[in-house]
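Throughout, a chain's letter reflects where its sequence line sits, starting with A, and its residues are numbered from 1.
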Protein chains: 2
Amino acid sequence: MPTMTAAQRREQARRAYDAFLRSCPTHQLLDRISDKWVGLVVSALAPGPQRYSDLARRIAGVSPKMLTQTLRALERDGLVSRTVTPSVPVRVDYALTPLGASLSGLLSAVKDWAETHFDEVHAARQRYDAAHARES
Amino acid sequence: MPTMTAAQRREQARRAYDAFLRSCPTHQLLDRISDKWVGLVVSALAPGPQRYSDLARRIAGVSPKMLTQTLRALERDGLVSRTVTPSVPVRVDYALTPLGASLSGLLSAVKDWAETHFDEVHAARQRYDAAHARES
DNA sequence: CGGTATCCGTTCCGATACTG
DNA sequence: CAGTATCGGAACGGATACCG
C-alpha cells in the first residue's frame, strides 16, 4: 500500500523541482535579466553614472516604485553601486559595477542575436498564424 | 492652457513606452527565453528530438498545460518543430529547428556567464543582506 | 530630491477534470 | 498518448498619496 496519494507524489515532485530551479544559477540570472525594467536600467547606465531622476527621465514610463525596486535588486546582486552625496538636497548616483558592466556585455550578445534573427522569428510567426487562422 | 492633465500626459507616455517595448526585438526575445519553462524545454531538446511524454518526464513538475503552452510558443516562433505520426496511438515528436539550435547556443552563453559570476553575485547578496539586516 | 506605503486590477500558473 | 477546458489563489505591477 502506497504511503502517498498520486496528488501528494505530484506535489512533492513539483516542490523538489521548484527548489532545483531556485538554486540553479542560470535560472536565477535569467529571472534577473528578463525583468521588464532591468535591461533598460542597465543600458541607461552603460554610458556612465546617472542620478535617480535622470534614470526616471531616460526611462519614460517607469514608476518610482518599479525604478527603486529594480535598482535595489541590481544593487543587492552587486551589479549597480549606489552613492549618496549628503548635500541639500541629497544627490544619489547610480553606476554599473565591473560585474554590471560584464552583464551589460552579455546583454549585448542577446541584443545581437535578437536583431540578427528577428526577421526569421517574425516570418515564422506569420506563417504559423496564417496556418492556424482557419481553425476558429 | 494645456489640453491635458498631468495624469493624462503620464499615461500617454506610458502607453508610448509600452508600445516601444513590445516592438523591441531584444525585449521580445528576453520575454521568450526568460519564460519559466522555455530554458528547460530547449535544453531538454538539445540532445535530440523528444516525444511529448518524454519531455513531460524529463521536466519533472511541469503540468501538461504549461508544457503545451511552451511548446506552442516555441513552435510559433520557428524554434521548435512538431511532427505528428498518425499511428495508433498517435506519436508526436518535438525537435529544435536550426534557429532553435542557434538559440540554444545563446542560452549556453548565458549559462556560462551565470556559472562564472555566480559566486560574485552570491557574495554580493550576502553582503547586502547582512548590511540591511539591522534595519528591521 | 529621492524615495516609501497602500490599494487594487490584471495576469500568470498549478490543480483538476475531461477528450480524440 | 497527447493534449484541451475551466477554475481559483497568488503574485506582479501601475496609480496614487505621502515622507525625510
Side-chain angles (χ1 to χ4, degrees), chain A residues 5-19 21-22 31-32 34-38 40-41 49-75 80 82-94 132 135-136, chain B residues 5-18 21-22 27 31-32 34-38 40-41 49-75 80 82-94 132 135-136:
Chain A
T5 65
Q8 284 173 323
R9 247 178 281 118
R10 255 179 274 122
E11 195 194 337
Q12 196 182 52
R14 190 188 54 72
R15 268 192 230 267
Y17 205 71
D18 282 353
L21 281 184
R22 272 195 303 276
D31 258 10
R32 176 63 68 243
S34 68
D35 181 277
K36 182 175 178 185
W37 300 109
V38 164
L40 286 317
V41 169
Q50 303 279 335
R51 298 179 60 172
Y52 183 89
S53 47
D54 290 336
L55 288 171
R57 220 169 306 110
R58 276 164 154 272
I59 309 174
V62 70
S63 59
K65 176 185 172 179
M66 291 318 293
L67 184 54
T68 300
Q69 197 174 104
T70 304
L71 287 167
R72 290 286 183 277
L74 292 173
E75 189 194 355
V80 155
R82 179 173 181 270
T83 312
V84 181
T85 308
S87 53
V88 178
V90 290
R91 174 194 177 110
V92 182
D93 287 273
Y94 290 92
H132 292 72
E135 320 149 15
S136 68
Chain B
T5 65
Q8 284 173 322
R9 248 179 281 115
R10 257 179 272 121
E11 193 192 340
Q12 196 181 52
R14 190 187 54 72
R15 270 193 229 268
Y17 206 69
D18 283 353
L21 280 185
R22 273 195 301 277
H27 194 260
D31 257 11
R32 177 63 68 246
S34 68
D35 181 276
K36 183 176 177 184
W37 301 109
V38 164
L40 285 318
V41 169
Q50 303 279 334
R51 299 179 60 173
Y52 182 90
S53 48
D54 290 336
L55 289 170
R57 220 170 303 110
R58 276 165 155 272
I59 309 173
V62 70
S63 61
K65 176 186 172 180
M66 291 317 293
L67 184 54
T68 300
Q69 197 174 105
T70 304
L71 287 167
R72 289 284 184 279
L74 292 172
E75 189 195 355
V80 155
R82 178 173 181 271
T83 312
V84 180
T85 308
S87 52
V88 178
V90 290
R91 174 194 177 111
V92 182
D93 286 271
Y94 291 92
H132 293 72
E135 321 148 15
S136 69

Quick one: side chains of residues 61-68 of chain A, donor-acceptor pairs under 3.5 Å with protein atoms, not counting sequence neighbours, listed by atom name and distance.
from, atom 1, to, atom 2, distance (Å)
A/S63, OG, A/M66, N, 3.4
A/T68, OG1, A/Y52, OH, 3.1
A/T68, OG1, A/P64, O, 3.0

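The CG-P distance, from B/D93 to D/dC1, rounds to 13 Å in whole Å. The distance from atom CG of A/D35 to atom P of D/dA11 is 17 Å, rounded to the nearest whole Å. Nucleotide D/dG13 holds its P atom 11 Å from the CG atom of B/D31, rounded to whole Å. Between the CD1 atom of B/I59 and the C1' atom of C/dC13 there is a distance of 16 Å, rounded to whole Å. When the P atom of C/dG3 is taken as reference, atom NE2 of B/H132 falls 11 Å away, rounded to whole Å. Rounded to whole Å, the distance from CZ on A/R82 to P on C/dC1 is 16 Å. Nucleotide D/dC1 holds its C1' atom 13 Å from the CG atom of B/L67, rounded to whole Å. In this entry the distance linking NZ of A/K36 with C1' of D/dG14 reads 9 Å, nearest Å.
Residues meeting the salt bridge (Lys or Arg N to Asp or Glu O under 4.0 Å) test with B/D54, sequence neighbours left out: B/R57. Under the side chain to side chain donor-acceptor pair (under 3.5 Å) criterion, A/D93 pairs with A/R91, not counting sequence neighbours. By the side chain to side chain donor-acceptor pair (under 3.5 Å) test, A/R82 pairs with A/Y94, sequence neighbours left out. Taking the side chain to side chain donor-acceptor pair (under 3.5 Å) definition, one finds that B/T70 meets it with nothing, sequence neighbours left out. Remark: A/D31 pairs with A/H27 by the side-chain contact (heavy atoms from CB on, under 4.5 Å) rule, at least two apart or across chains.
Two residues are said to be in side-chain contact when any heavy atoms from C-beta on lie closer than 4.5 Å; A/L40 and A/R58 fail this criterion.
Residue A/Y17 places none of its side-chain N or O atoms closer than 4.0 Å to OP1 or OP2 of C/dG14. Applying the 4.0 Å criterion to OP1 and OP2 of D/dG14, one finds that B/R15 has every side-chain N and O outside that range. Phosphate contact (OP1/OP2 of D/dG3, side-chain N/O of B/Y94, threshold under 4.0 Å): present.
In this structure, of C/dC1, D/dA2, C/dG14, it is C/dG14 that holds the atom nearest to the side chain of B/S63. Listed candidates were C/dG3, C/dC1, D/dG3. Nearest to the side chain of B/V92 is D/dG3. Side-chain proximity of B/R72 to the nucleotides C/dG3, D/dG14, D/dG3 is greatest for D/dG3. With distances taken from any side-chain atom of A/Q69 to the nucleotides C/dG3, C/dG2, D/dG13, the minimum falls on D/dG13. Minimum atom distance to the side chain of B/W37 is reached by C/dG14, of the listed D/dG3, D/dA2, C/dG14. Comparing D/dG14, C/dG3, D/dG3 by their nearest atom to the side chain of B/T68 picks out D/dG3.
Between A/V90 and B/P64, the residue anchored closer to the 5' end of DNA chain C is A/V90, taking for each the nucleotide with the nearest heavy atom.
Listed by residue number, the members of residues 49-57 of chain B with any heavy atom below 4.0 angstrom from DNA chain D are B/R51, B/Y52, B/S53.
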Could I get a table of every N or O pair under 3.5 Å where one atom is in the protein and the other is in nucleotides 7-12 of chain C?
none

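If one axis is set at each end of the helix from C/dC1-D/dG20 to C/dG20-D/dC1 from five pairs, those axes are 50° apart, to 10°.
The shortest non-hydrogen separation linking B/R51 to B/V90 is NH2-O, 4.1 Å.
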